[in-house]
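Only one structure is covered here, and it is reproduced in the block below.
Sequence positions, counted from 1, serve as the residue numbers for this chain.
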Amino acid sequence: MRTRAAIVGGGITGLAAATWLRRDHGVDDVVVLEASDRAGGKVRTELDAGYTLEWGPQGFLDNAPDTLELAHLSGLGDALVRADEAAADRFILRGGRLRRVATSPLAFMASDILPVAGRLRLLGEPFARRRPDHDETVFDFARRRIGGRAAEVLVDAMVTGVFAGDSRQLSLAATFPRMAAMEAEHGSLTRAMFAKMREARRAGKKSGGPSGPGGTLTTFDNGMERLPGRLAERLGECLRLEQPVRALRREGSGFILTTEAGELAAESVILTLPADGTARLLAGPAPAAVAPLEGIPTVPIAVVMLGYKDAGVFDRPVRGFGFLVPRGEEPGLLGTLYCHDIFPGQAPSGSLFLRVMVGGARSPEAAALDDDALLAQVRDALGRVLGADPEPDKVWIVRWERGISQYTVGHLGRVAAAEKAADAAGIELAGSPYRGVSVNDCIKQARAAATRVAQRLRR
Ligand SMILES: Cc1cc2nc3c(=O)[nH]c(=O)nc-3n(C[C@H](O)[C@H](O)[C@H](O)COP(=O)(O)OP(=O)(O)OC[C@H]3O[C@@H](n4cnc5c(N)ncnc54)[C@H](O)[C@@H]3O)c2cc1C
């Protein structure tokens with residue numbers, strides 16, 4: 001068997017890379033090798049009793065042109081579903097109480113999201129110490145610019161929400177490059193924010209509503225798996241399921257990939273696996289990539305989804321987008337999405353549908369609890385936050401052992417070293433271990449990798 005481009009891994013990155021190779025560069029002779037019996041990797045949806053169960057991503061922000069283009073060219077333009085206005089309010093747990101995150105600077109200063117001293121400290125942001133020369137943690141950056149309290153509450157919650165990570169370990173430059181750029185460009189986040197607001201006003205965009213920073217959470221009718229499902233369908237025979245790649249070696253100007261079904265010869269290769277699997281495959285052709293890749297950890301995460309037929313079962317309101325939990329608050333929870341308000345079509349009408357995240361860098365052991373213990377922990381914590389512990393009518397639990405890649409301090413250096421070694425061996429790397437874990441970032445990386453492969457093939 002021979003192919004021009006072999007793509008290892010049939011998650012959203014691998015499927016998108018194959019699609020971009022065909023679409024952008026006319027390279028049709030592509031093979032995607034996927035270890036499991038289904039395409040999509042972490043993007044997985046199941047439908048049960050009127051609930052849309054997302055195993056992995058709940059959605060993507062609609063500000064990424066590559067993702068929207070992929071959706072449209074897959075014929076899913078009409079299936080896009082944006083978060084409902086009902087999900088406009090977001091909350092953070094502080095001092096055991098849910099506090100609304102205000103969207104305008106004035107409302108923020110008047111809110112109780114931080115104690116008064118913490119809010120006043122924000123006013124000193126433009127006068128913060130200059131950034132150090134070394135790679136800074138997200139926490140240190142936030143403490144330096146907006147003060148310790150805001151770093152502990154707001155920024156820790158944000159890092160938990162995106163990476164299920166520890167803000168004291170993650171690299172600012174790798175996890176929130178835009179924030180690092182805002183500081184570099186404007187010298188202050190406040191000045192950058194006002195510049196952005198002026199720009200948005202000029203462009204006639206309104207703020208507020210369910211839009212988070214930079215976009216509105218978006219999914220597809222019947223869930224996120226519609227996208228990988230459609231890409232897989234269009235790839236047809238090019239996608240080979242249940243074909244784990246066991247070894248990769250160079251042969252002549254190309255490569256040999258070993259699977260259980262035999263050997264596949266390829267002129268070029270894109271690896272889209274988690275970092276540990278990539279390190280194993282590169283041990284032969286690019287040994288210098290192994291150590292940097294082994295330095296990219298993942299954290300486990302458990303997703304507990306609970307359905308309640310009666311929307312009035314909790315004592316406190318369960319309306320809005322959901323809440324995030326900074327370190328030191330409820331240790332059993334990372335956050336909870338109110339899916340019934342975010343995407344009302346994903347739950348039976350009149351019901352509540354909660355999606356609770358557990359584990360992450362903060363409490364990896366919690367993600368490994370057995371179902372009964374995990375559910376008891378979640379119900380206990382929800383009881384304290386929402387004021388009652390009603391029996392859920394439905395419960396679904398999903399675990400990801402290698403949940404989310406962690407971009408710890410020095411990450412960008414490790415990525416550069418791994419990419420350099422892989423590149424010297426003629427191999428491309430793309431996906432969540434490298435330059436963004438979001439679906440949007442994975443699709444963008446897939447497109448860039450497809451372009452590099454097309455250039456190699458032309459050479
Ligand atoms: C619980 C959770 C919630 C999330 N929520 C969001 C969200 O709301 N929004 C968002 O944008 N992102 C979210 N993410 C992140 C996002 O879903 C992932 O980063 C992204 O889907 C990763 O895609 P990928 O293709 O790079 O990797 P994966 O999805 O991990 O795909 C890798 C594929 O490689 C296959 N594979 C492994 N080894 C081999 C081998 N040897 N040979 C062949 N195939 C192999 C695997 O089976 C898998 O299918 C979430 C992630 C999790 C876990």
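Side-chain atoms of Thr45 come within 3.5 Å of backbone atoms of Met224 as a donor-acceptor pair (strictly under, hydrogens ignored). Between the Tyr407 side chain and the Ala173 main chain, no donor and acceptor come within less than 3.5 Å of each other. Without hydrogens or angle criteria, Asp24 side chain to Arg447 main chain gives no donor-acceptor distance under 3.5 Å. For the pair Asp62 (side chain) and Thr218 (backbone), a donor-acceptor distance under 3.5 Å is absent. Listed for the Thr13 side chain is no donor-acceptor partner under 3.5 Å among the backbone atoms of Ala446. Side chain of Arg362 to main chain of Leu334: no donor-acceptor pair is present (N/O by atom type, distance under 3.5 Å, no hydrogens or angles). Judged by distance alone, with hydrogens and angles left aside, the side-chain atoms of Glu34 form a donor-acceptor pair with the main-chain N or O of Ser36 at under 3.5 Å. A donor-acceptor contact shorter than 3.5 Å is absent between the side chain of Arg327 and the backbone of Asp156. Of the possible donor and acceptor atoms, one in the side chain of Arg38 sits under 3.5 Å from a partner among the backbone N and O of Gly41. The backbone N or O of Trp55 sits nowhere less than 3.5 Å from a side-chain atom of Arg44 that would complete a donor-acceptor pair.
Between Val453 and Arg4, the closest side-chain pair of non-hydrogen atoms is not below 4.5 Å. The closest side-chain heavy-atom distance from Met305 to Phe353 is below 4.5 Å. Contact annotation: the side chain of Phe141 never approaches that of Ile146 to less than 4.5 Å [non-hydrogen atoms, C-beta and beyond]. Side-chain atoms of Phe343 and Phe220, non-hydrogen and from C-beta on, never get closer than 4.5 Å to each other. Two residues are said to be in side-chain contact when any heavy atoms from C-beta on lie closer than 4.5 Å; Leu239 and Leu241 meet this criterion. Side-chain atoms of Trp20 and Leu73, non-hydrogen and from C-beta on, do get closer than 4.5 Å to each other. When side chains are defined from C-beta on, Arg435 does not count as touching Asp441, because their heavy atoms never get closer than 4.5 Å. No side-chain heavy atom of Asp393 sits under 4.5 Å from any side-chain heavy atom of Val313.
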(message) Checking Ile404 against Val162 for the side-chain contact (heavy atoms from CB on, under 4.5 Å) test, could you report, in this order, the C-alpha distance in whole Å, the side-chain angles of both residues, the deciding distance, and whether it holds?
(response) CA-CA 9 Å; Ile404 300 195; Val162 181; over 6 Å; no

(request) Any chance you could lay out the side-chain contact (heavy atoms from CB on, under 4.5 Å) test for Val31 and Cys238, step after step, and finish with the verdict? (result) CA-CA 5 Å; Val31 172; Cys238 294; 5.7 Å; no

(message) Using the rule given for side-chain contact (heavy atoms from CB on, under 4.5 Å), can you reason through Arg94 versus Glu329, listing the C-alpha separation, both sets of side-chain angles and the distance that settles it, and then say yes or no?
(response) CA-CA 7 Å; Arg94 183 176 73 75; Glu329 294 286 340; 4.1 Å; yes

(request) Dump the intermediate steps for salt bridge (Lys or Arg N to Asp or Glu O under 4.0 Å) on Arg143 and Glu136, then the final yes or no. (result) CA-CA 11 Å; Arg143 187 171 47 183; Glu136 203 179 15; over 6 Å; no

(request) Report the C-alpha separation of Asp166 and Val299 in whole Å, then their side-chain angles, then the decisive distance to 0.1 Å, and conclude whether the side-chain contact (heavy atoms from CB on, under 4.5 Å) test is met. (result) CA-CA 10 Å; Asp166 179 354; Val299 289; over 6 Å; no

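Salt-bridge check for Asp371 with Arg399: passed, with a basic side-chain N closer than 4.0 Å to an acidic carboxylate O. A salt bridge is absent between Asp423 and Lys420; no separation between the charged side-chain nitrogens and carboxylate oxygens falls under 4.0 Å. The pair Arg2-Glu267 does not meet the salt-bridge criterion, since no charged nitrogen lies less than 4.0 angstrom from a carboxylate oxygen. A salt bridge links Arg144 with Glu183: the closest approach of a Lys/Arg side-chain nitrogen to an acidic carboxylate oxygen falls below 4.0 angstrom.
Counted within 6.0 Å of CZ on Arg22, heavy atoms from surrounding residues, nucleotides or ligands total more than 12; the atom is thus considered enclosed. Atom CD of Glu401 has 12 or fewer heavy atoms from other residues, nucleotides or ligands within 6.0 Å. Around the CG atom of Asp370, the shell of radius 6.0 Å holds more than 12 heavy atoms that belong to other residues, nucleotides or ligands. Atom NZ of Lys42 sits in a crowded spot, with more than 12 heavy atoms from other residues, nucleotides or ligands closer than 6.0 Å.
When every heavy atom of Ile443 is checked against every heavy atom of Ala16, the shortest pair comes out as CG1-CB, 4.3 Å. For Ser167 against Thr137, the heavy-atom pair with the smallest separation is O-CB, 3.6 Å. Nearest heavy-atom pair across Ala381 and Glu330 is CB-OE1, 3.5 Å. Contact between Val43 and Glu225 at its shortest, heavy atoms only, is O-CG, 3.8 Å. Pro390 and Arg379 get closest at one heavy-atom pair: O-NH2, 3.7 Å. In plain terms, the two heavy atoms of Ala302 and Leu374 that are nearest each other are CB-CD2, 3.9 Å.
Between Phe176 and Phe163, the ring planes lie perpendicular to each other; the angle is over 60°, past the 30° to 60° tilted range.
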Please tabulate, for side-chain N and O atoms in residues 276-286, each donor-acceptor pair with protein atoms closer than 3.5 Å (sequence neighbours left out).
from   : atom 1 : to     : atom 2 : distance (Å)
Asp276 : OD2    : Arg402 : NE     : 2.6
Asp276 : OD2    : Arg402 : NH2    : 3.0
Thr278 : OG1    : Leu273 : O      : 3.3
Thr278 : OG1    : Pro274 : O      : 3.1

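Aromatic pair Phe314/Tyr308: ring centres closer than 6.0 Å.
Taking CZ of Arg249 as the reference point, atom CD1 of Ile256 lies at 5.0 Å (rounded to 0.5 Å). Summarising the geometry, atom CD1 belonging to Ile7 is positioned 8.0 Å from atom CG belonging to Leu235; distances are rounded to the nearest 0.5 Å. If you take CD1 on Ile12 and CD on Gln445, they are separated by 12.5 Å, rounding to the nearest 0.5 Å. The structure places CZ of Arg240 at 6.5 Å from CG of Leu264, a figure rounded to the nearest 0.5 Å. If you take CG on Leu333 and OG on Ser363, they are separated by 9.0 Å, rounding to the nearest 0.5 Å. Atom NE2 of residue His72 and atom CG of residue Leu68 lie 5.5 Å apart, to the nearest 0.5 angstrom.
Between the side chains of Thr408 and Arg414, a donor-acceptor pair is found at a separation under 3.5 Å. For the residue pair Glu54 and Thr52, no side-chain donor N or O sits within less than 3.5 Å of a side-chain acceptor on the partner.
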